[in-house]
There are 2 protein chains.
Amino acid sequence: MNSQLAFNALGDPTRRAIFEKLQHRPMAVVDIADGLPISRPAVSQHLKVLKEAKLITLKTVGNNNIYKLNRDGIIAMRNYLDQFWEDALTNFKALAEQTEKDKK
Amino acid sequence: MNSQLAFNALGDPTRRAIFEKLQHRPMAVVDIADGLPISRPAVSQHLKVLKEAKLITLKTVGNNNIYKLNRDGIIAMRNYLDQFWEDALTNFKALAEQTEKDKK
DNA sequence: TTTATTAGTAAGTAATAACTTACGGTAAGT
DNA sequence: ACTTACCGTAAGTTATTACTTACTAATAAA
């Protein structure tokens, strides 16, 4: 799992908007772009980033590229972050205990 | 919790490096900057972002600003992101079930 | 078989983010 | 007092990212 890709992918507000749109239903690119204040090609570029981060996938149906959330990618990211926070909190706790000990 | 702050703060690799450094021990700014390929003021700027995202705090001791992880902030962000992924997966599941139903 | 719709990519521009150097202020050591 | 060490901020530069328009290709509809 490349955390850098995922963080980066969701770091942009427009991409988060797209990601959240796809939570409602799978959508073709025109539909995703509809309502967003940017051009359709710009949306395509964002979709590329989300796809490379493995957060979404696409299925071509005739003329349409239907994008949807990628369950496996999302789970991978969630698991990575679970570990990330756990490490941080574990280390925090160890430091706090060390500080206690140092006082004595 | 502000999602923009969360993703933005950890979206930058240098900031994640700083965050991980602080998992080992609280550190003064010079120590944080030591080893990083950027200038000390640049580090200060990253620290500001992490601080505003409530991931770290600082304590001034004489001439030193000692930065350390902020347990409460980390927990808040973990909880927020847990929810974020859970929502995504819940929606994914609902969509999958809907698709099943539509087939019938 | 034209005509319209969908969508990705290329190339250039605009906006943003990360960085540097220069500075000022404060505390600690001499 | 003077000097050194620490650190934040300001201002400007560089690098990166987001965006636009123009184009091409592919399928669907007429």
Side-chain angles (χ1 to χ4, degrees), chain A residues 2-22 24-70 73 77, chain B residues 2-22 24-70 73 77:
Chain A
N2 189 337
S3 64
Q4 180 56 42
L5 283 177
F7 271 122
N8 181 49
L10 291 171
D12 181 84
T14 302
R15 280 194 289 269
R16 272 209 310 289
I18 291 173
F19 185 82
E20 282 165 8
K21 263 198 166 193
L22 292 176
H24 297 64
R25 61 180 178 88
M27 285 168 100
V29 180
V30 234
D31 295 330
I32 297 170
D34 186 50
L36 294 179
I38 57 174
S39 70
R40 202 233 351 119
V43 171
S44 272
Q45 289 162 16
H46 283 305
L47 288 169
K48 188 180 182 183
V49 175
L50 287 166
K51 180 161 62 82
E52 284 170 353
K54 306 220 188 294
L55 290 172
I56 61 175
T57 59
L58 80 112
K59 173 178 61 170
T60 300
V61 176
N63 224 345
N64 297 325
N65 278 5
I66 311 290
Y67 283 87
K68 66 166 191 165
L69 300 191
N70 178 12
M77 184 65 190
Chain B
N2 186 334
S3 66
Q4 182 55 41
L5 281 178
F7 283 113
N8 184 46
L10 291 170
D12 182 83
T14 302
R15 280 194 289 270
R16 275 212 306 290
I18 291 173
F19 185 82
E20 283 166 8
K21 263 199 165 193
L22 292 177
H24 297 64
R25 60 182 180 86
M27 286 168 99
V29 179
V30 232
D31 294 330
I32 297 170
D34 186 51
L36 293 179
I38 57 174
S39 71
R40 203 242 336 129
V43 171
S44 271
Q45 289 162 14
H46 284 303
L47 288 169
K48 189 180 182 182
V49 175
L50 287 167
K51 180 160 64 80
E52 285 171 352
K54 306 220 188 294
L55 289 172
I56 62 175
T57 59
L58 79 111
K59 174 178 59 171
T60 301
V61 177
N63 227 344
N64 297 326
N65 278 5
I66 311 290
Y67 284 87
K68 67 165 191 165
L69 300 191
N70 177 10
M77 191 167 290

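Bear in mind that the values here come from a model prediction, so they are computed numbers and not experimental data. Chain A is the first sequence line, chain B the second, and so forth, proteins listed ahead of strands; every chain is numbered from 1.
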[X] has an atom [atom1]; how far is it from atom [atom2] of [N], in whole Å?
| X | N | atom1 | atom2 | result |
| --- | --- | --- | --- | --- |
| B/N8 | C/dA17 | CG | P | 7 Å |
| B/D12 | C/dT16 | CG | P | 18 Å |
| B/D34 | D/dA5 | CG | P | 15 Å |
| B/I38 | D/dT14 | CD1 | C1' | 15 Å |
| B/L10 | C/dA18 | CG | C1' | 17 Å |
| A/L58 | C/dT6 | CG | P | 17 Å |
| B/D31 | D/dC6 | CG | P | 8 Å |
| B/L47 | D/dC7 | CG | C1' | 10 Å |

Do [X] and [Y] have side chains that get closer than 4.5 Å, going by heavy atoms?
| X | Y | result |
| --- | --- | --- |
| A/L22 | A/L55 | no |
| A/V30 | A/D34 | no |
| A/R40 | A/S44 | yes |

May I ask you to evaluate whether [X] reaches the phosphate of [N], defined as a side-chain N or O under 4.0 Å from OP1 or OP2?
| X | N | answer |
| --- | --- | --- |
| B/Y67 | D/dG8 | yes |
| B/H46 | C/dC19 | yes |
| B/S39 | C/dC19 | no |
| A/N64 | C/dA7 | yes |

Check: Is the side chain of B/E52 donor-acceptor paired with the backbone N or O of B/L47 at a distance under 3.5 Å, no angle test?
Finding: no

Notebook entry, point to check: What about B/Q45: does its side chain form a donor-acceptor pair under 3.5 Å with the base of C/dT20?
Noted result: yes

Check: Between the base of C/dT5 and the side chain of A/N63, is there any donor-acceptor pair under 3.5 Å?
Finding: yes

Check: Of the nucleotides D/dT21, D/dC7, C/dT20, which one has an atom closest to the side chain of B/S44?
Finding: D/dC7

Checklist line | Among D/dT9, D/dA18, C/dC19, the one nearest B/A42 by side-chain distance | finding: C/dC19

Margin query: Taking the nucleotide of DNA chain C with the nearest heavy atom to each, does B/R40 or B/V49 sit closer to the 5' end?
Written below: B/V49

Next item on the list: Decide side-chain contact (heavy atoms from CB on, under 4.5 Å) for B/M77 and B/L5; before the verdict, give the C-alpha distance in whole Å, the side-chain angles of both, and the deciding distance to 0.1 Å.
Entry: CA-CA 10 Å; B/M77 191 167 290; B/L5 281 178; 5.7 Å; no

